[in-house]
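Right, one structure below, let's go through it.
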Protein chains: 2
Amino acid sequence: MTTASEPRPGQRPATLSDVARLAGVSIATASKALNGRQQVRAETRTRVIEAAERLSFSPNALARGLIAGRTGTVGLLTSDLEGRFSIPILLGAEDAFGSGSTSVLLCDARGDAIRESHHLRALLSRRVDGLIVVGARPDSRPSIGRALPVPVVYAYAPSEHKDDLSLVVDNHGGGRAAVRHLLDCGRSRIAHITGDPSYGATQDRANGALAELATEGVPLAGGRVLFGAWSEAWGRGATRMLLSQSPDVDAVFAGSDQIARGVLDALQEAGRSVPDDVAVIGFDNWEIFAAGARPALSSIDMNLQQLGRVAAQRLFAAIRGTMGSGVEKLPCRLVPRESTAPAA
Amino acid sequence: MTTASEPRPGQRPATLSDVARLAGVSIATASKALNGRQQVRAETRTRVIEAAERLSFSPNALARGLIAGRTGTVGLLTSDLEGRFSIPILLGAEDAFGSGSTSVLLCDARGDAIRESHHLRALLSRRVDGLIVVGARPDSRPSIGRALPVPVVYAYAPSEHKDDLSLVVDNHGGGRAAVRHLLDCGRSRIAHITGDPSYGATQDRANGALAELATEGVPLAGGRVLFGAWSEAWGRGATRMLLSQSPDVDAVFAGSDQIARGVLDALQEAGRSVPDDVAVIGFDNWEIFAAGARPALSSIDMNLQQLGRVAAQRLFAAIRGTMGSGVEKLPCRLVPRESTAPAA
DNA sequence: TTGTAGGCGTTATCAA
DNA sequence: TTGATAACGCCTACAA
């Protein structure tokens, strides 16, 4: 006599038919009992449930999906997992789905259109209920297709097509918030050192910063936005330049935390104290980078995890029939730390 | 007359039966034609293929999986996606699978055992062909279960159970390599500043370092390993301590790149030049952190992406019947940069 | 070369 | 309250 209470590796999982047989009922009854249908005698239900537990029965989601027409599965198509911006979004989406009963199929296209369409095909063939497309750069990207059998939500990088639904970071608002904070800290000679000007996000942040300065009638220190690269080295170099041209600067809004770290280094090198002489605020709130800086770096957080969560919610709504469209901007959040303490 | 060449959203995807009807053949023939079976007339095959394309037919993977007993899907169960070590592993695995026709179901347990078992249940019910379990910390963790119907491979954090197959980083070898490199650079007064001593990896790296020193009969500068926290702040503090106690130190092996950044800062503060006076090597090779340092930081790379790739390969082999067991250690890799240039 | 029929595991409908 | 039975979409003997 063998006890079948523990499935061994290589052994086929128990089916509903196994459960029914062990419980001495028909397959139909077993199904009803396990799914909480009301048309089952309590005693029978108990017997079926016990049998299911004895066999470690777990219903075959494939068979279920085949009938239901839904798989409880969504595809997450990213362009660049290596980049650190996709991860929090993915995390937020996984969180929102995983707490329910939706599973996430992950694909990374590595920025390659061919790979992307290959993955798209695979996902559709797996009959995902919907798709989230996460871009690597916050610039608009080609629509993945307007005639797909499932709803699609774009996150971070918006679709070029206006009928697609895209969720993006409000970089303009983030830029405003950064400058607002510096103004609130009593600064009035504010410079902006930022990264690659070919990014839409770079322009948005800069424009937001300029707009906020304009509302107060405060001119930009240095006279112009210092565009460059997303590196610490550029942060250092730009700061040296800035100090020689506008030595009276009392605050710097850096376009990224990396740049901000460079700014901090260069200021220290020049004997300027932060935040007493110069306040510095970064962007991205890359925790480990910002919190480890000396002094700890104030920053603007893009709330990417929240972005992922909202993307999941929107996709869910779309799956249930309520499909939106257009570009939805989600707000940034100020995270003040030591580098912007109010001037004494 | 309607043309059905483009499926619209909300419209059910074409089935094999649709294709067969359009091509004027039976379902069986359509199936054979599309799957390259030989028992089909060339002209018929062409007709079927054209019909399939007209309808954008893509075979339902659920139905296929139901028959085949395999789903072409694996589960990736991570404990902590936020931590930056899971990502490269995930990336490597996704890469190895994605180039074939296997899709990855991603779950993040957030370090919570309840969530983990919930996700495990979901994955098994989706009939994944196998599982990769990625730990957050490189210490051994409880086996996810010895009686699962599918093979499991543990990556980064090994399973406590010796019959499970685990792939881990050779931290001991990494520690050796770091010290070997410093010795090769002509240093002889080498200190080791590292992080949380409760991590097995911390001990392994330290022991590796000591072992390598021992082979050359070189004593550890400072007399003992400086354990602390995985932070820049600890790197700075420990370095100050070290300089006051052992001012003649000429090299520091830091247990992480973050710590190494702190070491660099403190050395600069103390007027020591890197690498001329003191060579510094980190661990993790966190590109953006190491390459952005001044001078660029030499480091030990754990080859995590390769680890993920190998995990995928081992899982694949296991799915095909060749299941291994025990702990397999994968080598680290030295990445020399400017911070360890040979002493003049 | 083509078509018919059975079955994969589940749910839902309807009859008993 | 229970149990046959027909789907879901596909593949694969086997029959024509």
Side-chain angles (χ1 to χ4, degrees), chain A residues 7 11-49 51-52 55-73 101 122 124-129 149, chain B residues 7 11-49 51-52 55-73 101 122 124-129 149:
Chain A
Q11 186 165 327
R12 89 172 164 66
T15 73
L16 189 56
S17 148
D18 298 327
V19 175
R21 196 176 323 120
L22 181 58
V25 298
S26 75
I27 296 185
T29 304
S31 171
K32 289 171 197 155
L34 292 176
N35 290 309
R37 293 276 169 285
Q38 287 313 325
Q39 328 134 341
V40 176
R41 194 161 45 138
E43 192 269 333
T44 310
R45 187 188 306 279
T46 315
R47 203 148 33 95
V48 172
I49 291 178
L55 299 176
S56 306
F57 170 75
S58 116
N60 186 324
L62 298 182
R64 274 190 168 168
L66 196 53
I67 297 177
R70 295 174 302 95
T71 55
T73 285
S101 54
L124 291 179
S125 128
R126 295 221 142 76
R127 294 299 187 265
V128 291
D129 296 333
Chain B
Q11 185 165 326
R12 90 172 163 65
T15 72
L16 189 56
S17 141
D18 298 329
V19 174
R21 197 175 324 120
L22 181 58
V25 298
S26 75
I27 296 185
T29 303
S31 171
K32 290 171 198 156
L34 291 176
N35 290 309
R37 292 273 168 286
Q38 288 312 325
Q39 327 135 344
V40 175
R41 196 161 44 140
E43 192 270 332
T44 309
R45 187 188 307 279
T46 313
R47 201 146 35 93
V48 171
I49 291 177
L55 298 175
S56 307
F57 170 74
S58 111
N60 186 323
L62 298 182
R64 275 191 166 170
L66 198 53
I67 297 176
R70 294 175 303 94
T71 54
T73 283
S101 54
L124 291 180
S125 127
R126 295 220 144 75
R127 295 297 188 267
V128 292
D129 296 333

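For the numbers below, each heavy atom of this structure counts, side chains included, while hydrogens, waters and symmetry mates do not. The chains referred to below are lettered A, B, ... by the order of the sequence lines, with proteins before strands, and numbering in each begins at 1.
Within the 3.5 Å criterion, the main-chain N or O of A/Asn60 finds no donor-acceptor partner in the side chain of B/Ser125. Counting only distance, with no hydrogens or angles, the side chain of A/Asn35 and the backbone of A/Ser31 share a donor-acceptor pair below 3.5 Å. A donor-acceptor pair under 3.5 Å is absent between the side-chain atoms of B/Arg64 and the main chain of B/Arg70, judged by distance alone. A donor-acceptor contact shorter than 3.5 Å links the side chain of A/Arg45 to the backbone of A/Arg37.
The nearest whole Å value for the distance from the CZ atom in A/Arg12 to the P atom in C/dG9 is 6 Å. Note: CG (A/Leu34) to P (C/dG9) measures 16 Å, nearest angstrom. In this structure, CZ of B/Arg21 is placed 12 Å from P of D/dC10, rounded to the nearest angstrom. A/Arg70 has its CZ atom 14 Å from the P atom of D/dG9, to the nearest Å. Here D/dC10 presents its P atom at 10 Å from CG of B/Leu62, a figure rounded to the nearest Å. Going from atom NZ of B/Lys32 over to atom P of C/dT1 covers 11 Å, rounded to whole Å. For A/Asp18 and C/dG9, the CG to P distance is 8 Å, given to the nearest whole Å. Rounded to whole angstrom, the span from the CG atom of A/Leu16 across to the P atom of C/dC8 amounts to 13 Å.
Of the side-chain N and O atoms in A/Thr44, none sit less than 4.0 angstrom from OP1 or OP2 of D/dT1. Contact annotation: A/Asn60 does not reach the phosphate of C/dC8 (side-chain N/O to OP1 or OP2, under 4.0 Å). Between A/Arg64 and the phosphate of C/dT11, there is a side-chain N or O to OP1/OP2 separation shorter than 4.0 Å.
Among the nucleotides C/dC8, D/dC10, C/dT1, the one closest to any side-chain atom of B/Leu66 is C/dC8.
Of the options B/Thr15, B/Leu22, B/Leu16, a side chain to side chain contact (heavy atoms under 4.5 Å, CB included) to B/Leu55 is made by B/Leu22 and by none of the others.
Ranked by how close their nearest DNA chain C nucleotide is to the 5' end, A/Thr15 and A/Gln39 are led by A/Thr15.
If you check every strand for non-hydrogen atoms under 4.0 Å, A/Ile67 touches a base. Residue contacts shown for A/Arg37 are limited to sugar-phosphate atoms, with no base heavy atom under 4.0 Å away.
Using a 4.5 Å heavy-atom threshold, the side chains of B/Pro149 and A/Arg12 count as separate.
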Requested in this report: Applying side-chain contact (heavy atoms from CB on, under 4.5 Å), run through A/Asp18 and A/Phe57 and close with a yes or a no.
Outcome: CA-CA 9 Å; A/Asp18 298 327; A/Phe57 170 75; over 6 Å; no
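Against DNA chain C, the stretch residues 22-31 of chain B makes heavy-atom approaches under 4.0 Å through B/Val25, B/Ser26, B/Ala28, B/Thr29.
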